[in-house]
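Scroll down for the structure; my scribbles are underneath it.
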Amino acid sequence: MKPIVPFVSEASEDERKAWRTALPIALAGIAEVKAFDTLSEQERSQATVAIVANPDPSKVAAMPNLVWVQSLWAGVERLTAELPQDGPLIVRLTDPQMAETMSEAVLAWSLYLHRDMPRYMAQQHQRIWQGHELLLPAHRTVAILGLGKLGIASAKRLISNGFNVIGWSRSEKSLDDIRTYFGQDGLKAVLKQADILVLLMPLTDETRGLLDSTAFESCKPGAAIINFARGPIIETPALIAALNGGKLSHAVLDVFDNEPLPPESPLWSNGSVTILPHISAPTITSTASQIVADNINHYFRTGCLPESVDRKKGY
Ligand code: NDP
């Protein structure tokens with residue numbers, strides 16, 4: 001008999017429907033995927049691995065023998081906050097296709113800023129015919145904050161499009177073609193140089209509120225920012241002050257403290273802000289389901305788990 005893998009999710013009905021179709025296909029021959037609410041008492045207690053997407057933590061706790069949970073999302077700040085430290089290990093989704101999709105978004109919005117598109121759009125609204133100096137990509141420094149799976153893929157795309165790329169991470173790194181920095185001193189040096197800052201690090205205790213008024217004071221005048229990571233990494237009032245005061249030229253925001261962004265948010269009407277509805281790199285059901293299936297198959301065959309989240313670091 002095939003083992004049962006519970007699927008625990010409070011995601012939207014549309015999302016759950018898509019996963020309920022894709023996961024059983026990918027896991028056919030490996031395991032039977034069953035929605036948590038359809039499990040018997042015995043099935044709950046026998047489960048050693050579950051697939052989760054915005055799960056209700058009390059449902060995860062109701063499976064006492066879970067060894068690990070496979071997240072369907074790449075960002076796991078909610079799971080690390082809601083699941084107990086001594087609970088099941090957390091495996092986040094790492095999908096090379098997602099890194100490709102994110103690197104495409106980083107390139108697209110870096111070009112948007114590099115070619116002054118927000119400024120030309122504003123000029124069009126006022127019927128102003130005026131060109132501005134064109135810089136070469138090589139004269140634009142793009143700083144990637146977070147040199148993980150998504151950050152490195154994005155850095156490579158920017159480099160192949162001629163940009164000068166620097167990067168910042170928690171630990172020291174040595175990478176071809178990218179000047180790298182780490183730690184608080186490193187961050188200051190990066191902020192001073194960057195024309196475009198791209199946020200691609202996880203939300204943790206260390207990164208929450210990292211970009212505050214002090215950080216913005218260290219930025220190069222006229223720098224722009226792209227946040228494709230998580231909203232609370234930036235202090236929104238400090239960002240608005242830096243944009244309105246002219247220290248920063250523009251912000252492309254895909255992630256927010258509260259999503260969907262509430263209609264009363266002042267960000268909507270700020271002409272120096274481009275708002276995206278968390279679309280820079282959505283999980284792609286087909287490729288993600290295959291990765292989840294491979295991880296679970298490997299676990300059932302060998303007893304080995306994929307790399308899990310370091311609960312001390314938070315990612
Ligand atoms: P990884 O875990 O592969 O990489 C994270 C990077 O951030 C690492 O380089 C890490 O440093 C760095 N980092 C973590 N903490 C700090 C810190 N305190 N100071 C400096 N650097 C730090 O993650 P991914 O690249 O896969 O994903 C990054 C984030 O992107 C996710 O956590 C998620 O929040 C977000 N995301 C957003 C999506 C969207 O659609 N908007 C889609 C998918 C993900 P080190 O290398 O030293 O460990």
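Values in this document were obtained by computation on a predicted structure and should not be read as measured data. Counting convention: from 1, in listed order, for ligands and their atoms alike.
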- Only one of His114, Arg157, His139 passes side-chain contact (heavy atoms from CB on, under 4.5 Å) with Phe163; say which it is.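 For Phe163, the side-chain contact (heavy atoms from CB on, under 4.5 Å) test succeeds with only one of His114, Arg157, His139, which is His114.
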Determine whether more than 12 heavy atoms belonging to other residues, nucleotides or ligands lie under 6.0 Å from atom [atom1] of [X].
X	atom1	answer
Glu264	CD	yes
Arg20	CZ	yes
Asp205	CG	no

Going by the atom numbers of ligand 1, which of them fall below 4.0 Å from some non-hydrogen atom of [X]?
X	value
Gly146	6 (C), 7 (O), 9 (O), 12 (C)
His278	39 (C), 40 (O), 41 (N)
Ala74	43 (C), 44 (C)
Thr207	15 (N), 16 (C), 17 (C), 18 (N)

- Message: Would Leu147 count as a polar contact of ligand 1, with the cut-off being nitrogen or oxygen pairs under 3.5 Å?
- Response: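 Between Leu147 and ligand 1 (N or O atoms, distance only) the closest approach is under 3.5 Å.
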- Do any nitrogen or oxygen atoms of Asp254 lie less than 3.5 angstrom from nitrogen or oxygen atoms of ligand 1? yes
How about [X] and [Y]: does a side-chain donor come under 3.5 Å of a side-chain acceptor?
X	Y	result
Gln97	Thr101	yes
Asn270	Asn244	yes
Thr207	Tyr315	no
Ser12	Asp14	no

- Taking only Lys NZ, Arg NE, NH1 and NH2, and the carboxylate oxygens of Asp or Glu, determine whether Lys59 and Asp37 approach each other closer than 4.0 Å.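 Between Asp37 and Lys59 there is a salt bridge, with a charged N closer than 4.0 Å to a carboxylate O.
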- Query: Less than 4.0 Å between a side-chain N and a carboxylate O, is that true for Glu100 and Lys156?
  - Reply: no
Measure from [atom] to every heavy atom in [options] and give the option owning the shortest one.
atom	options	value
atom 2 (O) of ligand 1	Lys149, Met102, Arg92	Arg92
atom 25 (O) of ligand 1	Thr94, Leu145, Leu150	Leu150
atom 46 (O) of ligand 1	Lys173, Met98, Glu206	Lys173
atom 35 (C) of ligand 1	Ala229, Ser280, Ser154	Ala229

Please write down residue, atom name and distance for the protein heavy atom closest to [atom].
atom	value
atom 42 (C) of ligand 1	Ala281 O, 3.3 Å
atom 19 (N) of ligand 1	Trp168 CH2, 3.2 Å
atom 4 (O) of ligand 1	Gly148 CA, 3.1 Å
atom 5 (C) of ligand 1	Pro202 CD, 3.6 Å
atom 31 (C) of ligand 1	Gly75 CA, 4.2 Å
atom 28 (C) of ligand 1	Leu200 O, 3.4 Å
atom 11 (O) of ligand 1	Arg170 N, 3.2 Å
atom 15 (N) of ligand 1	Tyr315 CE2, 3.7 Å

- Look at ligand 1 and say whether Leu203 reaches it with a heavy atom at a distance under 4.0 Å. no
- Query: Hey, do the aromatic rings of Phe256 and His278 have their centres closer than 6.0 Å?
  - Reply: no
- Side-chain heavy atoms under 4.5 angstrom apart, residues restricted to Ile, Leu, Val, Met, Phe, Trp, Tyr: same cluster for Leu89 and Leu72?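 Yes.
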